[in-house]
Amino acid sequence: LRKEQIELEKSKLRRLKTAKSETIDGVEVQLFANIELPGDVPEALQCGAEGVGLFRAEFLFLHRGDMPDEQEQYEAYRKVVKGMAGRPVTIRTFDLGADKDLNPNASAGDRVKTNPALGRRAIRLSLAEPRMFQTQLRAILRASKHGPIKLLIPMLAHAHEIDQTLAAVEQAKSSLRGEKAAFDENIEIGGMIEIPAAALAVGLFLRRLSFLSIGTNDLIQYTLAIDRTDEQVAALYDPLHPAVLMLIAHTLASAEKVGVPVSLCGEMAGDPEMTRLLLGMGLRIFSMHPAQILKVKQRVLKSEVNELAPNVRKMLRLDEPGKLREAL
Ligand code: PEP
Ligand code: MG
């Protein structure tokens with residue numbers, strides 16, 4: 001009997017994997033995988049991911065201490081794109097510094113030790129190290145001839161950072177053109193919304209970029225002033241804080257008005273308890289750890305957006321964490 005039950009579970013899971021990801025009222029919801037290494041691709045496919053929504057490229061090299069050259073990076077990106085066999089792959093440029101320090105044992109250097117999360121990290125570091133950035137951009141662009149790649153930029157806050165980033169991509173493209181190297185001329189460039197300023201002033205992102213991805217892990221950290229690596233304040237780290245929900249809702253609503261796609265790639269996207277809330281807020285693209293995909297899909301299949309949206313609107317007006325949690 002146990003064996004039969006296990007078989008039944010397995011076949012249910014298989015059916016879930018191939019089922020179209022849409023709500024009862026026919027709203028399509030895209031479920032993507034977050035990956036850290038090319039070796040994560042098979043799991044993403046096994047779980048039915050429609051693509052890679054966040055490839056945290058810095059993990060390839062985090063524990064080495066040195067920077068990989070262009071060829072090594074190119075091969076890693078190509079491996080992921082080929083592995084995903086035509087499904088879109090969103091590669092995030094290096095999100096180094098703070099919780100992802102390239103060389104955590106370095107005692108000297110110009111890294112700010114007191115507040116690394118507020119320091120020279122992610123795109124700030126990339127713009128400050130143009131050679132490192134060009135190497136990565138060239139490697140990603142070269143890999144784009146093997147399949148659909150999108151470029152995702154972490155930790156943007158300022159319009160001039162976006163403009164400088166776009167200029168850096170243009171520079172990498174023009175050097176490749178000079179070498180007659182093939183790449184996707186129309187590669188899409190998107191920005192992460194993970195600083196409250198970015199969510200509030202999202203218009204300047206929408207005018208410059210092709211897509212957005214909300215990084216709630218950092219967005220919560222910066223909105224609530226909670227160091228995400230500090231155990232002592234972990235209990236205060238609350239995705240349901242009304243301020244966090246307001247920032248997400250504002251980002252989604254603003255992007256929808258101008259037809260710019262938005263995904264959410266923080267841990268919230270993979271929490272089945274949050275699926276209905278996020279659907280009701282208008283989120284249609286979720287990117288998460290592969291192990292969460294089918295659980296979230298199960299929720300999507302049982303949801304009805306027409307019914308959720310007005311309830312969520314009411315819920316967001318509650319504005320009280322206790323009441324919000326209850327309503328959830
Ligand atoms: C985030 O900040 O939500 C995110 C997806 O990126 P990371 O966790 O790598 O900072
Ligand atoms: Mg982040």
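Atoms within each ligand, like the ligands themselves, are counted from 1 in listed order.
Nearest N/O/S atom of D218 relative to the Mg ion (ligand 2): this is OD2. When distances from the Mg ion (ligand 2) to the N, O or S atoms of E194 are compared, OE1 comes out shortest.
Aromatic ring orientation, H146 versus Y74: tilted (interplanar angle from 30° to 60°).
In the displayed structure, E185 atom CD is contacted under 6.0 Å by more than 12 heavy atoms of other residues, nucleotides or ligands.
In the hydrophobic cluster analysis, where Ile, Leu, Val, Met, Phe, Trp and Tyr join through side-chain heavy atoms closer than 4.5 angstrom, I91 is grouped together with L166.
Per-residue contacts place G215 under 4.0 angstrom from the following atoms of ligand 1 (heavy atoms of the residue considered): 1 (C), 2 (O), 3 (O). Atoms of ligand 1 found under 4.0 Å from any heavy atom of L54 (numbered from 1 in listed order, with element): 5 (C). The atoms of ligand 1 that sit less than 4.0 Å from any heavy atom of R56 are 4 (C), 5 (C), 6 (O), 7 (P), 8 (O), 9 (O). Listed by number with element, the atoms of ligand 1 under 4.0 Å from a non-hydrogen atom of E194 are 1 (C), 2 (O). Below 4.0 Å from some heavy atom of C265 lie the following atoms of ligand 1, by number and element: 5 (C).
Partner of M268 under the side-chain contact (heavy atoms from CB on, under 4.5 Å) criterion, chosen from I248, L283, T275, N217: I248. When the options E129, Q73, M67 are evaluated for a side-chain contact (heavy atoms from CB on, under 4.5 Å) with T135, the one that passes is Q73.
Atom 10 (O) of ligand 1 has its nearest heavy-atom neighbour, among M268, M288, R228, in R228.
Looking at ligand 1, you'll find an N or O of K100 within less than 3.5 Å of one of its N or O atoms. Between D99 and ligand 1, no pair of N/O atoms sits closer than 3.5 Å.
When heavy-atom distances to ligand 1 are checked against a 4.0 Å cut-off, I214 has no atom that comes that close, whether in backbone or side chain. The part of R92 lying near ligand 1 is the side chain, judged by heavy-atom distances below 4.0 Å. If you look at M155 next to ligand 1, there are no close heavy atoms at all, none under 4.0 Å.
Side-chain contact between H289 and N34: absent, with no pair of heavy atoms (C-beta onward) separated by less than 4.5 Å. Proximity of L152 to L54: side-chain heavy atoms (C-beta onward) are separated by under 4.5 Å at one or more points. A heavy-atom distance below 4.5 Å is found between the side chains of L206 and L212.
Ion pairing between a basic and an acidic side chain is recognised when a charged N comes within 4.0 Å of a carboxylate O; E170 and R177 show such pairing.
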